[in-house]
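Keep in mind that what you see is a predicted model, and the values were worked out from it rather than measured. One-based numbering along the sequence shown. Values reported hereafter were calculated over all heavy atoms of this structure, with side chains retained and with hydrogens, waters and symmetry mates removed.
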Amino acid sequence: MSSKKKRLDFSSTPLRIAFPILSSFPGCPNVKIGGSGDSLMGYVSSLCLRFLHSTSLSIPAYKLSMGPRPWVLVHRGHYIMDSYGTITIVSRSVASTDAIQPCQDTTERKLLAKIDLRLIPVLTILYILAFLDRVNISNAAIFGLREDLNLGGVEYNTALTIFFIPYILFEIPSNILMKKFRPHLWLSLCMFMFGLVTCLQGFVQSYGGLLATRFFLGIFEAGIFPGCFYLIAMWYKREEAQKRCTFFFSSTTLAGAFGGLLASAIGKMDGMQGFKGWRWIFILEGVLTCTLSFFFYFHITDFPEEASFLTEDEVEFVKARLLADVGHSGREKDLEIKDILDVFKDYKIFMGGLMYIGLVMPGYGYAYFSPAILKDLGYSAIQTQLHSVPPWVCAFAFAMAIATISDHLKHRFAFAMFPLFLAFSGFSILLAVHDNTKVQYAALFLAAMGCYSAMPVIACWFNLNLGGHRRRAVGTAWQIGFGNIGGIIATYSFISKDAPRYSKGHAISLGFICLSALSCVAYYIAITTENRKRDNGQSKYSSATEEERKMLGDLHPEYRYLR
């Protein structure tokens, strides 16, 4: 975007620029728009943008090229950006000199690429290691953990369950602490501690020792997933976040695939230094996590407001684009008990939890017990690990395809429902077919692809529709924490006495998938109704003051939910 240099005017001269006819910027109540002159196809030759509670400035009218989705983003007199990613930086430092300067080498795409390279790979690797350290017990069980620790009845299932108790309870406190101490410190500290506990898990000698290590593993992993998801949500606009969130979330499928390959290799170390193969799985994976945590301390980025890898102007621009998308972030306000309780006054928060728990149960059922199901199909220990890889790989590829199309169409509901149908089909086949190995193996593909494609869409859809630090910090942790109750249910749904059919586990999984689908429909209806009310000026917060509106997040009257 180019413009002639012109002096700033701190009196009342407004900014005039070509713009679609709108009443105001969504999520940006401090900027009001009014038209002038006749329009053609919904556009006017110039529009008057006046900054409330701020200075005004003027530049020559700028006619946007006719094309798809033309728009202009303005932030407090600092930036003007068109829909093609070109930016004009407007300096307000000196009023008496030529102050409007085009920024020739900065575009939105370049800035997003810079953020992507710094944020997504690090958090993805972090979550791969967290998920791997959580579910590698299923690989260890194939190599003799149950026999060596004399686990009988449901003792193995109890060892899986005890992980989820602190994991659920500490999700919200962890997000609050991360907001206070900053992500780079909190996440790297949690990473080191759960890596240490994983390593110690390789030295346990009894059932009690296994329970203790699984409990502490739950404490230190509690903040990883909701913290990473919360951090990603605070960097991207809703329409561009799904493929990033899915890539991060689908690292669980990569962990499942990598875990199977790694376990098959480590399992061959059986007897080395006097340790069984299952002990080496815990020890080596734990040491790897602890080592990388020191590197990650310097490479995990913080929230946009404190990001050190961006210039001051880039930080302001990131904040501006997020302000236009979801409104004021409320980063400067500390979370109090009242703020947390206020979030739960919104009934949509509970729908988010129900949508997620309906997929966590079958998802964890698959992650924890697919090696056992494969072994019961007649494969050896090494063959079982290798055959567990392809379903995970296909699940990752399918999830990324779903996310990319969803972002392109700016729609979430249909892309949650279709994978749910696949998951339902997969578990239905596993429940009904017991004498055809090829069909049963194909059903594992459908179950993995469905569960692990729908989960990131549902999590991103719900959490990115929450506006501001306060509602996202609490809402993200609530959804993940409540959803992980499904993990407890999963550990007692697939028990050894039901092998090899696991009919009860598959039937319960089908019921939870139906719960998730019904909750998605209810949430879609709720946000569609709310958007319609706000379009008609019927928001209950219409009379809120400007200061009160800053803290409303997605409850802001001008906010519109992504469907």
Side-chain angles (χ1 to χ4, degrees), residues 20-29 233 237-242 245 322 324-328 330 339-359 402 405-421 454-468 470-472 474-476 478-480 482-483 512-545 548-563:
I21 296 177
L22 298 170
S23 59
S24 64
F25 279 113
C28 192
K237 296 192 298 183
R238 290 171 295 165
E239 65 186 44
E240 65 197 16
Q242 184 62 64
C245 289
L322 294 173
D325 184 47
V326 296
H328 196 275
D339 298 320
I340 297 173
L341 296 177
D342 282 345
V343 173
F344 288 99
K345 293 179 181 179
D346 181 4
Y347 69 95
K348 296 190 296 297
I349 295 294
F350 298 98
M351 291 181 181
L354 291 174
M355 288 191 293
Y356 193 64
I357 194 175
L359 279 171
I402 286 288
I405 299 171
S406 176
D407 265 354
H408 179 72
L409 298 179
K410 297 178 179 58
H411 181 77
R412 300 288 182 258
F413 176 64
F415 296 98
M417 297 301 291
F418 179 64
L420 281 169
F421 172 75
M455 269 197 282
V457 173
I458 285 173
C460 186
W461 184 24
F462 173 73
N463 288 295
L464 270 294
N465 264 341
L466 296 172
R470 178 173 62 97
R471 286 178 61 80
R472 278 188 181 165
V474 177
T476 301
W478 150 256
Q479 186 189 44
I480 305 305
F482 178 77
F512 271 85
I513 292 170
C514 291
L515 171 64
S516 181
L518 291 173
S519 300
C520 285
V521 172
Y523 181 70
Y524 176 79
I525 293 172
I527 60 176
T528 300
T529 302
E530 187 63 32
N531 282 349
R532 189 177 297 117
K533 286 182 179 179
R534 294 178 188 183
D535 289 339
N536 296 330
Q538 297 175 352
S539 170
K540 66 177 181 178
Y541 295 101
S542 298
S543 60
T545 65
E548 290 171 340
R549 291 188 177 201
K550 285 184 178 181
M551 296 296 110
L552 287 176
D554 57 288
L555 301 179
H556 196 290
E558 295 182 26
Y559 189 97
R560 298 297 182 271
Y561 292 104
L562 181 64
R563 297 179 295 171

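Trp478 meets the ring pair (Phe, Tyr, Trp, His ring centres under 6.0 Å) test with Phe344, Phe350, Phe482; sequence neighbours excluded. When the side-chain contact (heavy atoms from CB on, under 4.5 Å) test is applied to Asp407, the partners found at least two apart in sequence or on another chain are Gln242, Lys243, Arg412. Considering only residues two or more places apart in sequence or on other chains, Phe418 meets the side-chain contact (heavy atoms from CB on, under 4.5 Å) condition with Phe398, Ile402, Leu422. For Ala526, the side-chain contact (heavy atoms from CB on, under 4.5 Å) partners are Tyr347, Lys348, Met351, not counting sequence neighbours. Applying the side-chain hydrogen bond (donor to acceptor under 3.5 Å, both in side chains) test to Ser516 and every residue at least two apart in sequence or in another chain returns nothing. With sequence neighbours excluded, the residues that form a side-chain contact (heavy atoms from CB on, under 4.5 Å) with Ile405 are Leu409, Phe415. With sequence neighbours left out, the side-chain hydrogen bond (donor to acceptor under 3.5 Å, both in side chains) criterion links Asn531 to no other residue. The side-chain hydrogen bond (donor to acceptor under 3.5 Å, both in side chains) search around Tyr523 returns Asn465, not counting sequence neighbours. Scanning for side-chain hydrogen bond (donor to acceptor under 3.5 Å, both in side chains) contacts around Asn536 gives an empty result, with sequence neighbours left out.
Atom NZ of Lys345 sits about 13.0 Å away from atom CD1 of Ile349, to the nearest 0.5 Å. To the nearest 0.5 Å, atom CD1 of residue Ile513 and atom CG of residue Leu518 are 12.0 Å apart.
Ion pairing between Arg471 and Asp346 holds under the 4.0 Å rule for side-chain N and carboxylate O.
Judged purely by atom type and a 3.5 angstrom limit, Trp461 uses its side chain to pair as donor or acceptor with the backbone of Leu562.
With a 4.5 Å cut-off on side-chain heavy atoms, Cys520 and Met417 count as touching. Side-chain contact check for Thr476 versus Phe462: every heavy-atom pair is 4.5 Å or farther apart. Contact of the Ile525 side chain with the Thr528 side chain is not registered, since no non-hydrogen atoms from C-beta on lie closer than 4.5 Å.
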Criterion side-chain contact (heavy atoms from CB on, under 4.5 Å) on Tyr561 and Tyr524, from CA distance to verdict:
CA-CA 10 Å; Tyr561 292 104; Tyr524 176 79; over 6 Å; no
Where do Asp535 and Arg532 land on the salt bridge (Lys or Arg N to Asp or Glu O under 4.0 Å) test, with the steps shown first?
CA-CA 5 Å; Asp535 289 339; Arg532 189 177 297 117; over 6 Å; no
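The salt bridge (charged side-chain N to carboxylate O under 4.0 Å, His left out) pairs that include a residue from residues 517-530 are Glu530-Arg534, where partners are two or more places apart or lie in different chains.
Nearest heavy-atom pair across Leu464 and Cys245 is CD2-SG, 4.1 Å. Minimum heavy-atom separation, Leu354 to Ser519: CB-OG, 3.3 Å.
Shown are Leu466, Val474, Ile458; of these, the side chain to side chain contact (heavy atoms under 4.5 Å, CB included) with Gln479 is made only by Ile458.
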